[in-house]
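One structure is given below, encoded as structure tokens.
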Number of protein chains: 2
Amino acid sequence: MVVDKATADEIDRLFHGLADATRRDVLSRVLRRAQSVTELAREYDMSFAAVQKHVAVLERAGLVGKQRHGRERLVSGNPDGLRRAARLLDEYERIWRHRALAIEDILAEDEDKEDA
Amino acid sequence: MVVDKATADEIDRLFHGLADATRRDVLSRVLRRAQSVTELAREYDMSFAAVQKHVAVLERAGLVGKQRHGRERLVSGNPDGLRRAARLLDEYERIWRHRALAIEDILAEDEDKEDA
DNA sequence: CTTATCTACAACCACATGGTTGTACGTTAG
DNA sequence: CTAACGTACAACCATGTGGTTGTAGATAAG
């Protein structure tokens, strides 16, 4: 918490980026191979502009990046964004595990009392 | 992908649940200790009903559960939900790593050709 | 140069979201 | 029993989101 100076908004954007099936699909595609927006748009039953917006959301979330390549913009996956999300989830799991350990300690204490 | 029969909507709800600072804070609190909605509501600068809605979102996401305890409803964290989210992120990372390995293979091939 | 392609962006619409207040109901405390 | 508490839920409002179409700017192709 102290180390991670990510603002709440950044984290909001990160998870919001992942909270849509189309965006997750785009992400998995560009993780495999960088693709132009037009190329991506062909895959979905929606307008080019809609796909463009989804890519923009992923970009703001730090999950993908764009490199211009001639007249097209190649969208590529950014594994750092994923790792950031994964580490955040790890923190919550750590909280849980810490609590689980604390409970074990309490149970152990009870056993000690029983022994006494 | 074949094994995970989670619908896209479920995953949407999962990440949407995590995409709000208040909800993440509620989650971290109830992971440490189950609390009533009123108790939680005291911590935030918003109405009881608003907190109630956030809890409902977390509940639909499978991140928390409620146990009735007298006249209050105790909200407690559900680590399974977290683990599900973490595993999903792992899948994306696996895609990336697979691609990274593929690139290494290609580079190795190039080296073979150089040797030839 | 002209044309076609890829992209960006604005305007618009329907609907979801996050917030509010108010009301009603079950349960505990006096 | 009555009063207070914890919760649930409906109605409402402002704003955000996901979609559309249309227009305009760069860049590549002929």
Side-chain angles (χ1 to χ4, degrees), chain A residues 7-30 33-78, chain B residues 7-30 33-78:
Chain A
T7 71
D9 291 326
E10 281 182 80
I11 307 179
D12 287 3
R13 273 179 258 134
L14 225 194
F15 285 118
H16 176 66
L18 292 165
D20 179 280
T22 303
R23 284 196 292 268
R24 286 191 302 273
D25 195 74
V26 167
L27 180 59
S28 73
R29 284 177 192 276
V30 300
R33 184 182 118 250
Q35 294 177 61
S36 73
V37 183
T38 308
E39 207 173 349
L40 286 168
R42 258 194 295 274
E43 305 291 335
Y44 307 99
D45 188 25
M46 67 181 79
S47 70
F48 169 83
V51 175
Q52 207 177 21
K53 281 192 184 181
H54 281 302
V55 170
V57 171
L58 288 170
E59 203 175 4
R60 266 181 272 129
L63 288 166
V64 307
K66 278 191 206 166
Q67 297 84 34
R68 80 172 310 152
H69 195 258
R71 71 179 155 185
E72 17 182 72
R73 245 72 158 192
L74 289 191
V75 183
S76 58
N78 175 15
Chain B
T7 70
D9 291 326
E10 282 182 78
I11 308 179
D12 287 3
R13 274 179 257 135
L14 227 195
F15 286 118
H16 177 66
L18 292 165
D20 178 280
T22 302
R23 286 197 289 269
R24 287 191 301 273
D25 194 75
V26 167
L27 181 60
S28 72
R29 284 176 193 276
V30 300
R33 183 183 119 252
Q35 294 178 60
S36 74
V37 183
T38 308
E39 208 174 348
L40 286 168
R42 257 195 295 275
E43 304 291 335
Y44 307 99
D45 189 25
M46 66 182 77
S47 71
F48 169 83
V51 175
Q52 208 177 19
K53 282 192 185 181
H54 281 302
V55 170
V57 171
L58 287 170
E59 205 175 2
R60 267 180 271 129
L63 288 166
V64 306
K66 278 190 206 170
Q67 296 83 33
R68 81 171 310 153
H69 196 258
R71 71 179 154 185
E72 24 183 65
R73 247 72 159 192
L74 289 192
V75 183
S76 59
N78 175 13

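In the text below, chain A, chain B and the rest are named by the order of the sequence lines, each starting its count at 1.
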(request) Kindly state which residues belonging to residues 13-24 of chain B come within less than 4.0 angstrom of DNA chain C, counting heavy atoms of the residue only, listed by number. (result) B:H16, B:R23
(message) Short of 4.0 Å, heavy atom to strand atom, which residues of residues 35-54 of chain B count as contacting DNA chain C?
(response) B:M46, B:S47, B:A49, B:A50, B:K53, B:H54
(request) Sequence neighbours left out, what pairs pass salt bridge (charged side-chain N to carboxylate O under 4.0 Å, His left out) with at least one residue falling in residues 36-51 of chain A? (result) A:R29-A:E43, A:R33-A:E39
(request) Using modelled atom types only, decide if a donor and an acceptor are shared between the side chain of A:E72 and the backbone of A:H69 within a distance under 3.5 Å. (result) no
(request) Give, for atom CD1 of A:I11 and atom CG of B:L18, the distance between the pair rounded to the nearest 0.5 Å. (result) 10.5 Å
(request) For A:D20, check side chain to side chain donor-acceptor pair (under 3.5 Å) against everything at least two apart and list the hits. (result) none
(message) Assess the residue pair A:V26 and A:Q35 against the criterion (side chain to side chain contact (heavy atoms under 4.5 Å, CB included)); give the C-alpha distance rounded to whole Å, side-chain angles, the decisive distance to 0.1 Å, and a yes or no.
(response) CA-CA 10 Å; A:V26 167; A:Q35 294 177 61; over 6 Å; no
[X] [atom1] - [N] [atom2] separation (whole Å):
X: B:K66; N: D:dG6; atom1: NZ; atom2: P; value: 15 Å
X: A:E59; N: C:dC9; atom1: CD; atom2: P; value: 10 Å
X: A:Q67; N: C:dC6; atom1: CD; atom2: P; value: 18 Å

(request) Summarise how protein sits on nucleotides 24-30 of chain D as a single string, 5' to 3': B when a protein heavy atom is under 4.0 Å from the base, S for sugar-phosphate-only contact, - for no contact. (result) ---BS--
(message) Using every non-hydrogen atom in the two residues, find where B:D25 and B:Y44 come nearest and quote the distance to one decimal.
(response) OD2-OH, 2.5 Å
Please list every donor-acceptor pair under 3.5 Å in which a side-chain atom of residues 48-68 of chain B meets a protein atom from a residue at least two apart or in another chain.
residue, atom, partner, partner atom, Å
B:H54, ND1, B:R23, NH1, 3.2
B:Q67, OE1, B:S76, OG, 3.1
B:Q67, NE2, B:S76, OG, 3.1

